[in-house]
Amino acid sequence: MGTTWSVKLVAPAATLIALERGIQAQLDEVVAQMSTWQADSDISRYNRAEAGSAHALPAAFAEVLQAALALAADTDGAYDPTIGPLTDLWGFGPAGARAQAPDRAPLAQARERVDWRRLRFDAARNELLQPGGAYLDFSSIAKGYGVDRVTDWLLAQGVADCLVEVGGELRAHGRKPDGSAWRIAVEQPGREDRAAAVIALDGLAIATSGDYRRYFEQSSGAADGARRYSHTLDPRSGAPIDNAVASVTVLHERCMCADALATALTVLGAHTGLAYANRQGLAALFVLRENDGFVARATPGFVARQRSA
């Protein structure tokens with residue numbers, strides 16, 4: 001899926017090879033179903049399918065889609081799993097990178113294909129209709145789901161102490177061999193030597209969405225220099241986010257939910273995003289650009305978790 005994975009765990013040395021193979025098998029299944037970077041994946045075949053065709057989805061694919069559609073409805077489209085045409089157009093998908101913003105005409109064409117409400121999903125039958133031109137992109141939720149798949153599988157194997165990471169999204173259970181907690185530092189944008197927060201994870205997942213890692217800059221020819229375009233896109237406008245949010249970190253029992261929520265809150269922005277997070281009782285940390293620096297805003301749920309670190 002264009003990223004890497006790592007796992008730290010406490011287990012007998014003799015079991016490590018079998019555990020590694022099992023971990024890879026779990027992730028291979030996620031890739032085979034949900035990676036737009038693989039031409040033969042279930043999601044890629046759906047994206048290429050003819051209008052009016054019905055597709056029986058594997059159980060995992062259906063679970064992720066159902067969660068994505070629920071969040072899309074709850075955020076009124078600030079989160080949208082049909083964002084694929086925009087992801088590719090802006091150069092952040094499998095189609096390859098770009099160094100310039102797209103022209104108005106192709107942007108308008110891509111926006112016409114982005115609308116989660118066009119999807120017709122029969123949850124009872126795990127069947128999804130292709131309305132024509134729908135391009136699903138699970139990049140903001142499948143990594144988190146992969147973390148959950150691996151973690152749940154390890155727990156089922158009797159591995160009670162583990163830290164699982166896929167593409168920067170993490171979930172931890174138990175303790176390190178020395179008995180200390182799995183402690184995770186939340187990066188301060190622009191300051192690799194400084195953490196915005198430190199959280200102890202045990203039975204929790206953490207995911208961060210930010211605009212400071214993946215982006216491209218385009219010169220405007222003006223005195224204020226180049227404009228930066230973030231990989232976090234607003235499905236409603238069809239363009240990269242242009243708000244004060246530098247990053248959003250979410251804590252949740254399920255990494256799939258933390259992953260998707262971090263993206264949704266980033267798109268919603270500082271005011272609306274914080275209001276939504278507080279209304280939902282989420283543990284979230286917003287790092288906002290203010291003047292020439294950054295300021296952190298945390299929900300009560302996040303503050304409570306941080307104090308227990």
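Using modelled atom types, one side-chain atom of Thr82 and one backbone atom of Asp115 make a donor-acceptor pair closer than 3.5 Å. Looking only at distances, a side-chain donor or acceptor of Tyr46 sits under 3.5 Å from a matching main-chain atom of Leu129. Remark: side-chain polar atoms of Asn243 are paired, donor with acceptor, to backbone N or O of Thr266 under 3.5 angstrom. Remark: side-chain polar atoms of Asp161 are not paired, donor with acceptor, to backbone N or O of Lys176 under 3.5 angstrom. Checked by atom type and distance alone, the side chain of Ser209 never pairs as donor or acceptor with a backbone atom of Val248 at under 3.5 Å. Proximity of a side-chain donor or acceptor of Thr75 to a complementary backbone N or O of Leu71 within less than 3.5 Å is detected. Between the side chain of Thr87 and the backbone N or O of Gly93 there is no donor-acceptor pair closer than 3.5 Å. No side-chain donor-acceptor contact under 3.5 Å links Asp137 to the backbone of Ile83. Judged purely by atom type and a 3.5 angstrom limit, Trp90 uses its side chain to pair as donor or acceptor with the backbone of Gly238. No donor-acceptor distance shorter than 3.5 angstrom exists from the side chain of Asp103 to the backbone of Ala105, with no hydrogens or angles considered.
Taken to the nearest 0.5 Å, the OG1 atom of Thr36 stands 6.5 Å off from the CD1 atom of Ile43. The structure places CG of Leu86 at 11.5 Å from CZ of Phe92, a figure rounded to the nearest 0.5 Å. Note that the CE atom of Met34 and the CG atom of Leu136 stand 11.5 Å from one another [nearest 0.5 Å]. To the nearest 0.5 Å, atom CD of residue Gln33 and atom OG of residue Ser41 are 9.5 Å apart. The CZ atom of Phe302 sits 5.5 Å away from the CD1 atom of Ile206 when rounded to the nearest 0.5 Å. The CD atom of Glu63 sits 8.5 Å away from atom CZ of Arg149, with the distance rounded to the nearest 0.5 Å.
Counting all heavy atoms, side chain and backbone alike, Leu89 lies closest to Ala110 at CD2-CB, 3.8 Å. Residues Tyr145 and Ala60 come closest through the heavy atom pair OH-CB, 3.2 Å. Shortest non-hydrogen contact noted between Ala51 and Pro131 is CB-O, 3.8 Å. Nearest heavy-atom pair, Ala262 versus Ala207, reported as atom, atom and distance to 0.1 Å: CB-O, 3.9 Å. Taking every heavy atom of both residues into account, Phe138 and Pro81 meet most closely at CE2-CB, 4.0 Å. Of all the heavy atoms in Asp148 and Met256, the pair that sits closest is OD2-N, 2.9 Å.
With respect to Asp152 and Arg254, a salt bridge is recorded, a charged nitrogen being found less than 4.0 Å from a carboxylate O. In this structure, Arg118 does not pair ionically with Asp80, as no charged nitrogen and carboxylate oxygen lie closer than 4.0 Å.
Side-chain heavy atoms closer than 4.5 Å link hydrophobic residues (I, L, V, M, F, W, Y) into clusters, and following such links, possibly through other members, connects Tyr79 to Phe121. A continuous path of ILVMFWY side-chain contacts below 4.5 Å connects Val295 to Leu265, so both sit in one hydrophobic cluster. Cluster annotation: Phe286 is connected to Tyr276 through the hydrophobic network of ILVMFWY side chains, with a link wherever side-chain heavy atoms come within less than 4.5 Å. Placement of Tyr135 and Ile141 in two distinct hydrophobic clusters is found when ILVMFWY residues are connected by side-chain heavy-atom separations under 4.5 Å, directly or transitively.
The 12-atom threshold is not exceeded at CZ of Arg21, counting heavy atoms of other residues, nucleotides or ligands nearer than 6.0 Å. Under a cut-off of 6.0 angstrom, the local environment of CD in Glu127 is crowded, with over 12 non-hydrogen atoms contributed by other residues, nucleotides or ligands. In this structure, Glu253 places its CD atom where only 12 or fewer heavy-atom neighbours from other residues, nucleotides or ligands lie under 6.0 Å away. The environment of Asp292 atom CG is sparse: at most 12 non-hydrogen atoms of other residues, nucleotides or ligands sit within 6.0 angstrom.
You'll find the side chain of Leu282 stays beyond 4.5 Å of the side chain of Thr299, heavy atoms only. Using a 4.5 Å heavy-atom threshold, the side chains of Glu187 and Val287 count as separate. Between Leu204 and His252, the closest side-chain pair of non-hydrogen atoms is not below 4.5 Å.
Remark: Ser237 pairs with Asp234, Ala239 by the side chain to side chain contact (heavy atoms under 4.5 Å, CB included) rule, at least two apart or across chains. For Asp42, the salt bridge (charged side-chain N to carboxylate O under 4.0 Å, His left out) test picks out Arg45, with sequence neighbours left out.
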| task | Go through the steps for Ser53 and Gln130 under the test side chain to side chain donor-acceptor pair (under 3.5 Å), then give the verdict. | result | CA-CA 5 Å; Ser53 57; Gln130 169 59 269; over 6 Å; no
| task | Tell me, with the steps shown, if Leu251 and Leu201 meet side chain to side chain contact (heavy atoms under 4.5 Å, CB included). | result | CA-CA 9 Å; Leu251 298 170; Leu201 297 183; 4.0 Å; yes
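Under a 4.5 Å side-chain heavy-atom criterion applied to ILVMFWY residues, the cluster that includes Ile23 comprises Trp5, Val7, Leu9, Leu16, Leu19, Leu27, Val147, Val150, Trp153, Leu154, Val159, Val164, Val166 as well.
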